[in-house]
S.K.: 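Please read through the structure below; I'll follow up with questions.
In each ligand, atom 1 is the first atom listed, and ligand 1 is the first ligand listed. This is a predicted model, so every value here is computed, not measured.
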Amino acid sequence: MATEHPIILHHFPQSPFSEKIRLIFGLKKIAWTSVVITRIMPRPDLMPMTGGYRRTPVMQIGADIYCDTQCIMRELERRFPEPTLFPEACRGLASATAMWTDKAFFQGTVNLVFGTLADKVPQEFIADREKLRGAKFDVAAMTSAIPQMRDQFRANLQWIDSQLADGRSWMCGDQISLCDINAYMNVWYVRGSLPILDQILLEFPATKNWETRMRAIGHGTSSEMSTAAALEIATRASPETAELADPHDPNGRKPGDMVAVMPDDYGKIGVRGEIVALSSQHIAIRRRDPIAGEVIVHFPRAGFLVLPA
Ligand SMILES: N[C@@H](CCC(=O)N[C@@H](CS)C(=O)NCC(=O)O)C(=O)O
């Protein structure tokens with residue numbers, strides 16, 4: 001479906017979560033606009049749009065702002081249904097894999113990467129990620145835990161490998177799905193950061209071939225835009241999300257309620273706004289920002305808190 005606003009991804013090249021979305025652009029052959037943001041805060045052109053949500057990536061379509069890869073991929077699937085990320089064989093599980101790949105699997109991968117990079121990790125990056133997590137980013141502790149992290153990474157890889165063991169091309173069968181995109185992020189991150197992946201993959205040849213297939217998908221076609229130009233688009237556009245009530249909301253929330261939405265794990269900055277649309281998997285809130293004007297910010301529900309504001 002064509003849209004009059006460009007599909008903008010705010011991301012940075014080393015971001016594994018952004019890689020998921022770049023691959024979806026490749027898979028669905030979507031033309032997109034790349035806005036490269038700094039790897040650490042501040043991000044003065046992006047925060048007026050998100051209302052303080054600071055994790056990467058963020059997708060922007062006009063004055064609609066999509067936070068978290070769960071939410072971004074659902075919107076991309078809605079606009080570009082082919083090829084689907086949710087084949088029948090794993091329609092529900094495909095989304096649920098994020099709770100494995102993005103949390104336990106990813107935390108182990110991050111510790112392995114930064115523990116191995118050790119004193120090459122810049123001090124400003126450490127300070128920024130300590131703020132993000134509200135906890136020490138203890139590279140020395142990660143370095144001493146490398147043997148444990150290697151064990152964890154291997155155990156997770158083995159799950160991918162046994163899924164592929166019958167010779168299938170993709171984790172759910174002969175069609176690629178979100179399961180592949182979600183799991184691949186961790187392999188991609190180690191591939192790009194450490195020289196040890198080929199050695200680790202020696203015992204997992206099916207996973208190595210799958211990695212090659214995943215990489216071949218590419219990133220589709222993109223053009224570059226500055227952060228300032230993207231903000232200007234949001235400022236001029238009006239949000240396009242229609243009001244949607246949820247008759248089954250277990251807490252009786254409804255459009256018009258004021259809430260604060262934040263992740264439940266890290267980057268826990270509450271974004272305040274008025275509910276516009278909600279469902280079991282999605283909440284959209286309207287904000288009026290002194291710089292960006294009226295925007296609607298979208299979040300997933302799994303892994304997010306919705307608090308009265
Ligand atoms: N659950 C989030 C996780 C995103 C995430 O943790 N991204 C990392 C970068 S890959 C991040 O936000 N780092 C801190 C930052 O960029 O400010 C998602 O799926 O989008």
S.K.: Please tabulate, for side-chain N and O atoms in residues 293-301, each donor-acceptor pair with protein atoms closer than 3.5 Å (sequence neighbours left out).
M.R.:
unit_1	atom_1	unit_2	atom_2	d
Glu294	OE2	Arg286	NE	2.8
His298	ND1	His282	NE2	2.9
His298	NE2	Asp64	OD1	2.8
His298	NE2	Thr241	OG1	3.2
Arg301	NH1	Ser279	O	2.9

S.K.: Answer yes or no: is there an ion pair linking Arg253 with Asp246, defined by an N-O contact shorter than 4.0 Å?
M.R.: no
S.K.: Tell me which pairs pass salt bridge (Lys or Arg N to Asp or Glu O under 4.0 Å) where either residue lies in residues 112-126, with sequence neighbours left out.
M.R.: none
S.K.: Are the charged groups of Arg213 and Asp180 less than 4.0 angstrom apart, N to O?
M.R.: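 So Arg213 does not pair with Asp180 through a salt bridge.
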S.K.: Any Lys/Arg nitrogen of Asp265 or Arg133 sitting under 4.0 Å from an Asp/Glu carboxylate oxygen of the other?
M.R.: no
S.K.: Can you list every pair that meets side chain to side chain donor-acceptor pair (under 3.5 Å) and has a residue in residues 135-151, with sequence neighbours left out?
M.R.: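 Listed once each, the pairs would be none.
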S.K.: Distances under 3.5 Å, N/O of ligand 1 against N/O of the protein: list each pair and its distance.
M.R.:
unit_1	atom_1	unit_2	atom_2	d
ligand 1	1 (N)	Arg55	NH2	3.2
ligand 1	1 (N)	Asp68	OD2	2.8
ligand 1	6 (O)	Tyr266	OH	2.5
ligand 1	7 (N)	Thr56	O	2.8
ligand 1	12 (O)	Thr56	N	2.9
ligand 1	16 (O)	Arg43	NH2	3.0
ligand 1	16 (O)	Thr56	OG1	2.6
ligand 1	17 (O)	Arg43	NH1	2.9
ligand 1	17 (O)	Arg43	NH2	3.1
ligand 1	17 (O)	Arg54	O	2.9
ligand 1	17 (O)	Arg54	NE	3.2
ligand 1	17 (O)	Arg54	NH2	2.6
ligand 1	19 (O)	Asp68	OD1	3.3
ligand 1	19 (O)	Thr69	N	3.2
ligand 1	19 (O)	Thr69	OG1	2.5
ligand 1	20 (O)	Thr69	N	2.9

